[in-house]
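These notes are about the structure you will find just below.
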Amino acid sequence: MQTMQSCYAKRFRQLHRTCLRSLQSQPLDNELQRRLDRNPKKVEKPSPITEAEIVKWNMAITEKMRNGHCDSALSLFETMSHRTSVSWNAMISGYLSNGRFDLARQFFDRMPERDLVSWNVMISGCVRNRNLSGARILFDKMPKRDTVSWNTMLSGYTQNGYIDEAREIFDKMPNKNSISWNGILAGYVQNGRIEAACQLFESKSDWEVVSWNCLMGGYVRRKRLIDARRLFDIMPERDEVSWNTIISGYAQNGELLEAQKLFEDSPIRDVFTWTAMVSGYVQNGMLTEARRFFDEMPEKNSVSWNAMIAGYSQCKRMDLARELFEAMPCRNISSWNTMITGYAQSSEIDRAWSLFNEMPRHDSISWAAIIAGYAQNGCSEEALRLFIEMKRDGERMNRSTFTCALSTCADIAALDLGKQVHGRLVKAGYEMGCYVGNALLSMYCKCGSIDEAYTVFEGMTQKDVVTWNTMITGYARHGFGKEALKVFESMRLTSINPDDVTMVGVLSACSHTGLVNKGTEYFYSMDKDFGIMAKAQHYTCMIDLLGRAGRLEDAQVLMRNMPFEPDAATWGALLGASRIHGNTKLGEEAAERIFEMEPDNSGMYVLLSNLYAASGRWSDVGNMRLLMRDKGVRKVPGYSWIEVQNKVHTFSVGDSMHPEKDRIYAFLEELDMWMKREGYISSTKMVLHDVEEEEKEHMLKYHSEKLAVAFGILTIPSGRPIRVIKNLRVCEDCHNAIKYISKIVGRLIILRDSNRFHHFDGGSCSCGDYW
DNA sequence: CTAGGGTTAG
């Protein structure tokens, strides 16, 4: 067991390294070095500068930095003839608060004599950048440490979820002040260990009001309003934060009457109090009330405006949001971001984009919002292009943009790009926690690289239920049912409980592998073993499982007895089973029900016409086509794509646009000859087995997936798998043909269709011709 | 340069 673990850890590191290598090294910032090395401007009469003057200069630098004018601060700094460590520190902390960690670090490394504050500033910069190991190195290296140094390390650990390390720091530190005590308390609170926080809180009595508020805030965040209120009532002194915390607690949780009562009782009503009320009403969808409070507010800041704008935008009232946005006296970056998010989520991506271009400055949230906007509106390529632009803009990727990038790569199955993102992730020094790790795992699964997915999975030191589910479902969708079940069995040995998603994965794994008895066993023991009630999805899995195994009768009985109304997916499972087993009558009935529920589902017409074709009812095949035309069912054009050397090549049926088309077509002709020699017979009569529209054999040969596969064989070096993605289900003839092709050329071909993965190898497919 | 409350992404 132990050696297995370290073996995977090693493979995980190797994967990291290969991803890192695929990145180009970043150019060094030589320009800055030149500017710093340049001699300070010679003053005609070198008059001795007074201490008061130095202080004035330093304050000016701090002021410039506070207003975000890094360049003016730098010119001031350069012009100074006497720089004290305070000047250097002002530059460093200025850069840090303006998000320029790299420049801050360069100043820190170059400053002649670092004082205690310089070290502390730099450590806090690392912490704010979530670079804990960097912070720790500095902390261990610094010649002298004061309480601030210890506290910075402490809060660094707690804010990033390392509560054990934080506790170690806390226990070791020689002098503790009230900030240290509050630090460890906040650590427990922020990491969800509210009981531990409570215990600590009871172990001493001289807590400051800040800590009372902190614990109360913890209860509020966990919606434990009664506990929060108990603290509020007994705390020895209350400040405005105490009042605002309890008020916003009630407001956020829908208890607006109580919130309003406290609002009136409160001795101080500041901007926070008013905004809490507005946002409370907003979050409960009570926009009129929110607006009344908003209008009555004696003073508003940008956050108050933003809360109201967010309210309108969450209700898709972008007209009203826009009105406020235009009217507000000073917008901050959040206002812009709120508007962009609103437009993106109302499918008005063009408006989001023009605001994005209008806004004065972008932060990581603006980028995440616009990128997610494009990705969610189906423009994955555009989203990925923006990532590159984001880097050019100097915005560093954070956990959010990384996960967003990974899921976008997963959507279009861009494995090479995904690996580059993986490389950047490693380079940026992110620890493989669940948040990032799950996205990475899912990317490898959806990009068809199931082995690398498993490497990531084994390498992850922290796994949550999502991690396990992703791996199980990943294996199931790739047709590796046994592996999926193995993962599930090892999950049962951990303390993490399976949930309903896990069981959908497990059941579909059984179904794809034909493990009828095992699946049935899991299905009926779900409730007893894990306390999971079967949902409609689980019944659909079971109907699929029984149907595929040819037990169509049992499948129908189960469907009749299920406590839900069958939906299109359930009938779809039955239709699929009927197709495999050639039960036309049952198939027709299922199809009819589906057409009633989802008249536009073109995939189902295809499935039904396949069924007719399989039983030789050719006139019905023709009728289906007419029916589709009459009902105006919009055919989704089928296309496939493949990534070669970082570029995505897209093919549609009979494609004649690709620059390499002559080579591809010639190669397909040659392949065809070989395939026929091996015994392949094309099934040209199955006219509608795909929504791609063609009838003749020579056209069928050029289905988009065949074109993409042929292109892949021609361009991807041998030994590497060919990964092709198709937006619809793969058609039967292509599936058959690709099996032959995999044997003839001796290559592994991995095809992702709209439903699942097919691994073609040596003439057979991992789906066992069941899909 | 290290604590607690209101807005924006995933």
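Note on naming: letters A, B, ... go to the chains in the order of the sequence lines (proteins, then strands), and numbering restarts at 1 for each one.
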Under a 4.0 Å heavy-atom criterion, DNA chain B is touched by chain A from B/dC1 to B/dG10

query: Within the structure shown, what part of the strands sits under 4.0 Å from A/V271 by heavy-atom distance: base, sugar-phosphate, or nothing?
result: base

- Please confirm whether A/F325 and A/W336 have ring centers closer than 6.0 angstrom. yes

Side-chain donor-acceptor contacts of residues 249-256 of chain A below 3.5 Å, not counting sequence neighbours, with atom names and distances?
| residue | atom | partner | partner atom | Å |
| --- | --- | --- | --- | --- |
| A/Y250 | OH | A/R229 | NH1 | 3.3 |
| A/Q252 | OE1 | A/Q283 | NE2 | 3.4 |
| A/Q252 | NE2 | A/S279 | OG | 3.2 |
| A/N253 | OD1 | A/K223 | NZ | 3.4 |
| A/N253 | ND2 | A/G249 | O | 2.8 |

For residues A/I370 and A/M390, determine if any side-chain heavy atom of one lies less than 4.5 Å from a side-chain heavy atom of the other. no

- Counting any heavy atom closer than 4.0 Å, what does A/N332 reach on the DNA or RNA strands: base, sugar-phosphate only, or nothing? nothing

Just checking A/S366: base, sugar-phosphate only, or nothing, at a heavy-atom cut-off of under 4.0 Å?
nothing

Notebook entry, point to check: What is the nucleic acid contact for A/S334, judged by heavy atoms within less than 4.0 Å: base, sugar-phosphate only, or nothing?
Noted result: base

Next on the checklist: Need one value for A/A372: base, sugar-phosphate or nothing, where a base atom within 4.0 Å counts as base even if backbone is also close, heavy atoms only.
Outcome noted: sugar-phosphate

Within the 4.0 Å heavy-atom criterion, would you say A/T245 contacts the bases, only the backbone, or no part of the nucleic acid? sugar-phosphate

Discussion item. Categorize A/D363 for me: base, sugar-phosphate, or nothing, with a 4.0 angstrom heavy-atom threshold over every strand shown.
Written reply: nothing

Between A/R224 and A/E195, does any side-chain N to carboxylate O distance fall below 4.0 Å? yes

Item checked: Sugar-phosphate only, base, or nothing, as touched by A/R145 at under 4.0 Å among non-hydrogen atoms -> nothing

Original post:
Would you call A/R105-A/D102 a salt bridge at under 4.0 Å N-O?
Top reply: no

Check: Ion pair present between A/R66 and A/E63, side-chain N to carboxylate O less than 4.0 angstrom?
Finding: yes

Mind checking A/V148 for me? I need base, sugar-phosphate or nothing, with any heavy atom below 4.0 Å counting as a touch. base

### Task
Looking at every strand, decide which applies to A/N301 at a 4.0 Å heavy-atom threshold: base, sugar-phosphate, or nothing.
base

